[in-house]
Amino acid sequence: MLLLLPQVLVTVVFFFYPAGQAIWQSLFISDPFGLKSQFVGLGNFEYLLADRFYRASFATTAIFSGLTTVVSMGVALYLAVLADRLIKGSGVYRTLLIWPYAVAPAVAGVLWLFMFNGRVGIVTWYLGLMGYDWNHVLNDGEAMGLVVVASSWGRISYNFLFFLAGLQAIPKSVIEAAAIDGAQFWTRFRTIIFPLLSPVTFFLLVVNIVYAFFETFGVIHTITSGGPQQATTILVYKVFSDGFVGQDLGSSAAQSVILLVIVGALTIVQFKFIERRVHY
Amino acid sequence: MPRANESGMVRKRGVGYWLTHLGLIIGVLFIFFPIWLAFVASTVSQQEIVRPPMPLWPGDQFIENYTAALFSGVNVPVAKMLLNSLIMALGIALGKIVISLLSAFAIVYFNFPGRRFFFWMIFLTLMLPVEVRIVPTFQVIANFGMLNSYSGLIFPLIASATATFLFRQYFMTVPDELAEAARVDGARPMQFFWHILLPMSRTNIAALFVILFIYGWNQYLWPLLITTDPEMNTIVMGIRQMFPSGDDVADWPVIMATSILAMIPPIIVVISMQKLFIRGLVDSEK
């Protein structure tokens, strides 16, 4: 029982207390200096849900995290399957591919920003030569594309590592048995490998969605700062910009609460649902 | 990984073999290009960058740019930011491993009232990163007077369950017979923990250390909020502060040198602990 104490203590002080505070504050409107606050009940929530920008932010988050998850997991699975086919050399590729795992989202953002910068970016320059005028500062779609690519890029190695580990953990006898039975590669992949990978895939799915929801803040803050207009303002970014830049604490707290509920529900549903369907 | 016993039944050499390599090489190039470009940019002069296209091969300004970044920086010397990042990352990694080893041990091996409650309470934090509760957590830290301090940087980020969850999963795969055998031999629970469970979890701990060190090193939003004093900036968040506001041209060579410096420590950790790290991962998947 005592063993739990450190974790419980840290969790309560730095997690549950702030979460409770968020719920409490979400019921008030306070002035920017925090001098006085007024109880408004669910007013902040009503206001938020009626807010066009807030609803747009929902859609943005869905598109952004969907795309990021699919792109990074897709590329990673493709590379992992390729690397797993090699008898020799998969270790070399693995070493070469895990580097970006160590690169912070914010740094990844800076790297991609540098390539696509309007004034000095090399990709922008070559695109210009081909007659394409890249400007993610003004163009919504381009801004979204850039943050998705930058976020996925850093994530590929993480997913690759897990997929490759998962692939290599599959007993080779099973696959060879299928090969003897005449199953071609694609059939083997679909009927044996992919189902056996499902615990890994499930794990990665959850982790990647959470990543896209939260940890990409650095990418977005460095590349677009949520712009142009609000085109790349995901929910977490909005909590930050309303709370710290806009100093609208009530609204920011209400947004935190909504996020808490969404993510909590998502997690529980996912675990309950998928735990039954994944092959172990 | 010994894979010599694989027969040719599944793998054939031929076009497919070379296509496999080609596919991987393209992947590697795509992954590497941004890092390469940053490295090149950190070795050339500002003039070469502001007249696109920039060169694709390193220039001769390596020492100048890195010296400028490390010892003067833009707001604060990058060397100072590196130290801050190191303290924060180590604090988070070690702190989290210790508290979650203990609580996973308690949850798996002890039956006490409210065990499920505590598990779910800790588990709930798994999916709710600090980003969600930034404003209230910020206020808590401010009330404790922990703004611009290392403990302010570290503690809120320890309050999550990823590690507890992983250790729990791992402990559950440890055969019950071991615990029983230890009990029959008269070992008290803590002895079992120290002498059996802990050594058995070595690879998991190492793997987790890598993950957590990088997690801590790469934090962005939290340091951005609570370190108003540039002296306490971590390197990852400090980069963004180096961009000028308004229309001035950024000092790209120094910024890129800083980016490279920000990547090096976590890359060293990942590459040097790669074997251990991946073994730990594979073990925990079984």
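Atom set for the values below is all heavy atoms of this structure, side chains included, hydrogens, waters and symmetry mates excluded. First the proteins, then the strands, lettered A, B, ... as listed; each starts at 1.
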Has A:Ser252 got a side-chain atom pairing as donor or acceptor with A:Val239's backbone, closer than 3.5 angstrom? yes
Please confirm whether the backbone N or O of B:Ile154 pairs with a side-chain atom of B:Trp222, one donor and one acceptor, at under 3.5 Å? no
Can you tell which part of [X] gets under 4.5 Å to a heavy atom of chain A, answering side chain, backbone, both or neither?
{"X": "B:Met256", "value": "side chain"}
{"X": "B:Ile141", "value": "side chain"}
{"X": "B:Ile239", "value": "side chain"}
{"X": "B:Phe193", "value": "neither"}
{"X": "B:Leu224", "value": "side chain"}
{"X": "B:Phe144", "value": "side chain"}
{"X": "B:Trp217", "value": "neither"}
{"X": "B:Met146", "value": "side chain"}
{"X": "B:Leu225", "value": "side chain"}
{"X": "B:Ile235", "value": "neither"}
{"X": "B:Ile214", "value": "side chain"}

Using non-hydrogen atoms and a 4.5 Å limit, figure out which bit of A:Leu96 sits close to chain B: side chain, backbone, both or neither. both
What residue, out of B:Ala38, B:Ser259, B:Ala104, has the most heavy-atom pairs lying under 4.5 Å from chain A?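 Counting heavy-atom pairs under 4.5 Å, the top option is B:Ser259.
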Between chain A and each of B:Leu101, B:Leu24, B:Ile271, count heavy-atom pairs under 4.5 Å; write down the option with the most.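 When all of B:Leu101, B:Leu24, B:Ile271 are compared, B:Leu24 has the most.
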Taken in chain and number order and not counting sequence neighbours, the residues that satisfy side-chain hydrogen bond (donor to acceptor under 3.5 Å, both in side chains) with A:Thr222 are none
Not counting sequence neighbours, which residues clear side-chain hydrogen bond (donor to acceptor under 3.5 Å, both in side chains) with A:Asn159? List them please.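 side-chain hydrogen bond (donor to acceptor under 3.5 Å, both in side chains) list for A:Asn159, sorted by chain: A:Ser72, A:Asn208.
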Based on non-hydrogen pairs under 4.5 Å, which of A:Val81, A:Leu97, A:Leu164 is most in contact with chain B? A:Leu97
Highest number of heavy-atom pairs under 4.5 Å with chain B among A:Tyr78, A:Trp153, A:Tyr126 belongs to A:Trp153
We want to know whether B:Asn233 and B:Gln241 form a side-chain donor-acceptor pair, criterion being a heavy-atom distance below 3.5 angstrom.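 Judged by distance alone, the side chains do not pair up.
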For A:Leu197 and A:Leu77, which heavy atoms make the closest approach, and how far apart are they?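 So the two residues come closest at CD1-CD1, 3.9 Å.
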Compute the ring centroids of A:Tyr237 and A:Phe240, then answer whether they are less than 6.0 Å apart.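 Close enough - the centres of the two rings lie under 6.0 Å apart.
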Any chance you could measure A:Lys238, atom NZ, to A:Ile258, atom CD1, to the nearest 0.5 Å? 11.0 Å
Should the ring pair B:Tyr220 and A:Phe217 be called parallel, tilted or perpendicular, given that the plane angle runs from 0 to 90° and is split at 30 and 60?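 If you compare the ring of B:Tyr220 with that of A:Phe217, the planes turn out tilted.
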State whether the number of non-hydrogen atoms from other residues, nucleotides or ligands found under 6.0 Å of B:Phe155 atom CZ is greater than 12.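 Open: at most 12 neighbouring heavy atoms sit under 6.0 Å from CZ of B:Phe155.
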